[in-house]
Each structure stands twice: as structure tokens, then as C-alpha cells.
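What follows is a set of notes on a single structure, which appears directly below.
All chains are named by letter (A, B, ...) in the order of the sequence lines, taking the proteins before the strands, and each is independently numbered beginning at 1. Side chains included, hydrogens not; waters and symmetry mates left out as well; all remaining heavy atoms used.
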2 protein chains.
Amino acid sequence: MAQPIPLQKDPSQTDRALLGIRDLVLRGEFKTGERLPELALVELLGVSRTPIRAALQKLAEEGLLEASQPTGYTVRGFSETEIADAIEVRGTLEALAARMAAERGVSASFLAAMSDCLGRIEALLTKVKPGRDFLAQYCQFNTQFHELLAEASGSEIVARALTRAGSLPFAGHNAFVSVQGEIPASLEIFRIAQRQHREILEAIEARSSARVEPLVKEHARLAYKNLQLALQNNEAMKTLPGASLIRRRP
Amino acid sequence: MAQPIPLQKDPSQTDRALLGIRDLVLRGEFKTGERLPELALVELLGVSRTPIRAALQKLAEEGLLEASQPTGYTVRGFSETEIADAIEVRGTLEALAARMAAERGVSASFLAAMSDCLGRIEALLTKVKPGRDFLAQYCQFNTQFHELLAEASGSEIVARALTRAGSLPFAGHNAFVSVQGEIPASLEIFRIAQRQHREILEAIEARSSARVEPLVKEHARLAYKNLQLALQNNEAMKTLPGASLIRRRP
DNA sequence: CCCTGAAAAATTGTATACAGTCTGTATTCA
DNA sequence: TGAATACAGACTGTATACAATTTTTCAGGG
């Protein structure tokens with residue numbers, strides 16, 4: 001039903017450039033505001049300028065880079081407020097998707113698939129120790145649930161808007177999951193998130209469009225709380241990809 | 001305060017390609033689902049493949065084109081439902097922007113600029129005959145008001161999301177203004193829209209975040225009504241750029 | 001010492017050549 | 001006649017050369 005993976009046989013040079021540049025930026029190899037000369041990237045990544053340019057254009061569209069005057073691209077920085085706004089945008093669109101799912105109705109089999117996904121998260125949460133595997137698997141199922149939620153809207157337009165809103169750095173569903181490995185209260189946070197997942201699903205099942213909207217918005221706000229926890233914990237920040245892009249308050 | 005125009009000295013080949021391809025598609029020179037071979041566009045537009053490819057990528061990001069399997073781009077079609085969804089997304093984000101403006105507050109001078117813009121629309125509406133000039137000027141001021149509204153949110157992230165949501169064909173503020181030149185009730189529709197503009201501005205001025213949200217959503221829904229009017233009026237459809245992309249209900 | 005201006009270097013915009021892939025057709029063999 | 005294969009054409013992915021523009025450097029004059 002869902003078309004999951006665009007079946008990439010061997011990754012194209014453009015893909016390599018895209019992943020490579022994103023990785024370089026998120027690792028902090030380039031400082032905020034710094035320019036990304038194409039030839040430097042050619043040397044670093046071993047692909048020619050053409051795919052580099054395509055990747056730069058895509059990353060600028062994502063919001064990770066910024067077209068700079070009069071030409072070229074620079075690394076973009078994000079204030080705490082901007083991250084909060086990005087989360088708010090994502091939450092708003094996700095709430096719209098959920099409301100539409102509740103209004104238009106979702107097939108029983110689709111609801112079962114969503115419930116199944118949540119069941120796996122619950123199975124994961126019964127394990128005592130959240131190790132590396134745990135985080136990776138949680139991200140996978142969490143992503144799947146949110147993708148199913150977007151699809152449940154029945155609107156490709158909405159799903160698309162949601163994907164783009166979530167592609168902004170730190171705005172995605174799993175943006176601050178990595179830091180939870182370093183935070184004492186992490187297991188509790190996962191449990192809260194999971195309870196919200198269940199409530200969201202129940203509201204959609206019950207066609208309660210009025211109820212599901214605030215539930216989803218509240219769920220998105222959990223990401224903002226995680227951001228604040230991360231900012232207070234230097235150890236956690238070290239595990240956060242792209243931490244160098246966050247402009248701390250002066 | 002607002003950075004209005006990116007000061008384009010002479011348009012680059014990429015700009016020419018972007019505008020050219022968009023124009024070709026909106027004029028219906030390519031049918032829905034039809035592929036756009038790069039070499040054909042090279043011949044039609046007289047620029048080389050490199051800027052053509054950049055433009056195709058941008059237009060796919062906008063939503064006008066679609067990356068097709070296994071390669072290349074095709075013209076995308078839009079059902080009435082999809083257009084309604086796109087309007088809903090735009091309205092939702094615009095409501096978020098307005099709510100944030102009301103919550104965070106807007107400077108007196110900025111409010112004055114918005115009011116000034118509305119004053120010009122009102123001056124326009126006192127003229128009896130809505131001719132071609134009228135429509136062009138209305139679009140200009142209407143766009144300005146909505147841009148000011150986005151800026152009033154105080155969030156570049158939100159403004160950005162809004163811009164992108166409005167760049168989808170038929171989702172923008174002026175999407176169906178052109179058809180109003182052909183519709184008898186058009187002047188009344190302009191007046192309703194303008195009344196809503198005023199109410200939105202008043203709600204922001206009064207910091208009524210709870211009130212401004214539904215007002216903006218309702219205002220966006222006016223675009224949907226215009227769509228329905230246009231679909232019922234064959235003469236109006238002829239003046240609508242991109243009319244050939246709309247998939248009528250079977 | 002700083003400011004000005006020209007040359008040099010760096011960088012991006014654009015065109016184009018080449019290679020790999022997919023598609024459709026025709027030809028050959030069973 | 002039908003199927004399989006090989007060939008031809010079209011198209012996109014990639015690399016790279018060249019042009020135009022911007023930035024930097026440095027020398028000379030105020």
C-alpha cells in the first residue's frame with residue numbers, strides 16, 4: 001500500500017553528494033554562515049560539480065543551506081526560537097493531517113497497520129535497557145508511525161507539505177531522540193510519547209476530529225521539550241547531529 | 001524593513017528557463033502526465049541543458065512537475081480535491097502566521113503599513129468598472145497584504161513555509177482572481193475578501209489570537225469558492241492559467 | 001598610514017561532450 | 001508464426017571546458 005523505498009540500485013553521484021554535504025554540515029565541518037565553495041566539495045566528495053550543484057540546490061530547498069549574495073550557498077544557523085517555530089509548523093501540519101484522517105475516515109486494515117506499528121514500539125519499551133539498538137529501532141518505528149499518519153490523511157498534498165516541514169533540521173520526528181540516550185528521564189519521555197501515539201490513533205479511530213488536533217499538537221511540543229533538555233545537557237549535545245548549527249542565546 | 005526584490009539585473013538563463021517552462025506548462029503546451037524531454041526544452045527556450053535541469057528541479061520542488069520513473073519529469077495534474085487540500089494547507093499556515101502575529105505583537109508602524117495596503121485596495125474597489133488594470137493592481141496589493149501578514153508572524157520559518165505552500169499551483173492568494181473578471185458576482189467577492197482583510201488586521205491589532213485563526217482560515221476558503229465558481233463557468237476557465245492541469249471529476 | 005585602483009585568483013554560470021540506460025523495433029531462429 | 005536477441009535511437013547522468021563575475025591581493029599615490 002505504502003510505496004516505501006524508491007529502490008535505489010546503486011546510489012547516484014547526486015545522492016552521494018546530497019548525503020555527503022549534509023553529513024559534512026551536520027558534523028560541523030563548516031561553520032554557520034560559512035560559504036560552501038563547489039570546488040572544495042568536489043575535492044572532499046570526489047564527484048564533479050554538476051551533482052554537487054544539484055545537491056546544493058536541494059539542501060537549500062530543505063532549509064539546511066541558504067543562497068547567499070550575490071551567489072553561492074552558506075551554512076544556515078538556527079536559533080532556539082527558529083527551531084521552536086519549525087516544530088510548530090510541523091505540528092500544525094501534522095494536526096491537519098490527523099484531522100483529515102479523522103474526518104475522512106481510515107480503513108480498518110490501515111488502522112490495524114498503525115496499531116501494529118505502535119505494538120512494536122511498546123514491545124521495545126518493555127525492554128529495560130535503552131541501548132544503541134533501541135534508539136535506532138525506536139526511530140525506525142516512530143518514523144513509520146508518523147509516515148502512516150501522514151498517509152492516513154488521504155491527501156498527497158498534505159503528506160508532501162508535512163514531509164517538507166519535517167525535513168528542516170531539528171523539526172523532524174526523531175530530531176532529538178538521539179539525545180535521549182544521554183538523559184536520565186529518557187525512558188519516561190518515550191512512554192509519554194507512546195501514550196500520545198495511542199491516544200492519537202484512538203481519536204482517529206473514533207473519528208474525533210476535534211480531539212485529535214490538540215493531541216497531535218501536544219505531541220509535537222514534546223520535541224520542543226526535548227530540545228530544551230538537550231540544551232541544558234552538554235553531554236547530550238555532543239550526540240546531536242548538527243549541534244554546531246544551533247545558535248545559543250547570548 | 002522588508003527586503004522586497006532580489007534585484008535581478010539581467011535575468012540569468014536559469015531564470016529564463018524557470019519562467020519559460022512554467023509558462024509552457026501553464027499554457028497547456030504539454031498535457032498532464034506528459035514527459036518534458038530536456039532537449040525539447042532546449043530547442044523551445046534556447047538555453048542549454050544545465051539551466052533547464054536546474055529549473056526542472058525547482059519546478060518539481062514547487063509541485064508543478066513530478067519526478068517520473070525511472071527518470072525525467074512529467075507535468076502534474078490536479079484534481080479538485082487536491083486543489084482544495086492545497087488551499088487548506090495554505091490557509092492553515094497563514095492562520096498560524098496570523099496567530100503568532102497576534103500573540104507576539106506587531107509594531108505600530110507595521111500595522112500602519114498593513115492598513116495602508118488595505119486602504120489602497122479599498123480605493124480600487126470604489127471604482128465602478130473592474131477592468132484589466134483593476135485585476136492587475138488588485139493582485140499586486142493583495143499579494144502585498146499577504147506578504148505583510150506572513151512577515152507579521154515574526155518568524156522567517158513560518159513565512160518560508162507559507163511561501164512554499166502558496167507556490168503550489170492554484171494554492172496562492174491570487175490563484176483564481178483572474179477568473180473573477182468573467183464572473184458576475186465578482187465585485188461582491190472582492191468586497192467580502194476585503195472585509196475579511198480588515199477583520200484580520202483588527203484581530204491582530206487587538207492581539208486576539210483566538211479570533212484571528214478562524215478568520216484567516218475562512219478567508220482562505222474564499223479561494224476554494226472561487227475555484228468552484230470557475231469550474232462552473234467555461235468562459236472563466238479560459239482565462240485561468242494552467243486550466244488544462246485541472247482534472248475534472250469524471 | 002590609509003586609500004585607490006588594477007591585476008590576479010577564485011568562484012559560479014553556462015554550454016557541451018561523452019557515457020550509461022532504457023525503449024522500441026527489426027531480424028533471426030526455433 | 002512466435003519468441004528471443006541484437007541493434008538503433010532517445011534520453012538522462014556526469015564530467016569538464018570556457019565565460020563572466022566577484023573577491024582578493026598588492027602596488028602606488030595621496
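The existence of a salt bridge linking B/Lys58 and B/Glu62 is excluded, since no basic side-chain nitrogen approaches an acidic carboxylate oxygen closer than 4.0 Å. Checked for salt-bridge contact, B/Asp15 and B/Arg22 miss the test: no charged N lies under 4.0 Å from a carboxylate O. With respect to the salt-bridge test (charged N to carboxylate O, under 4.0 angstrom), the residues B/Arg248 and B/Glu80 do not qualify. A salt bridge links A/Arg76 with B/Glu156: the distance from a Lys NZ or Arg NE/NH1/NH2 to an Asp or Glu carboxylate oxygen falls below 4.0 Å. By the 4.0 Å N-to-carboxylate-O rule, B/Arg247 lies close enough to B/Glu82 to be salt-bridged with it. The existence of a salt bridge linking A/Glu88 and B/Arg99 is confirmed by a sub-4.0 Å separation between a basic side-chain nitrogen and an acidic carboxylate oxygen.
One finds a side-chain N or O of B/Ser48 lying less than 4.0 angstrom from the OP1 or OP2 phosphate oxygen of C/dA15. In this structure, A/Thr14 reaches the D/dT14 phosphate: one of its side-chain N or O atoms is under 4.0 Å from OP1 or OP2.
Protein atom CG of A/Leu18 is 12 Å distant from nucleotide atom P of D/dT14, rounded to whole Å. Atom CZ of B/Arg16 is separated from atom P of C/dT14 by 9 Å (rounded to the nearest Å). The distance between atom CZ of B/Arg49 and atom P of C/dT14, rounded to the nearest whole Å, is 15 Å. For B/Gln57 and D/dT12, the CD to C1' distance is 14 Å, given to the nearest whole Å.
Checking C/dC22, D/dT22, D/dA15 against the side-chain heavy atoms of A/Pro70 singles out D/dT22 as nearest.
Along DNA chain D, the nucleotide nearest to A/Gln13 and the one nearest to A/Thr71 differ in position, and the one closer to the 5' end is contacted by A/Gln13.
Near DNA chain C, meaning a heavy atom under 4.0 Å from it, residues 23-46 of chain B has no residue at all.
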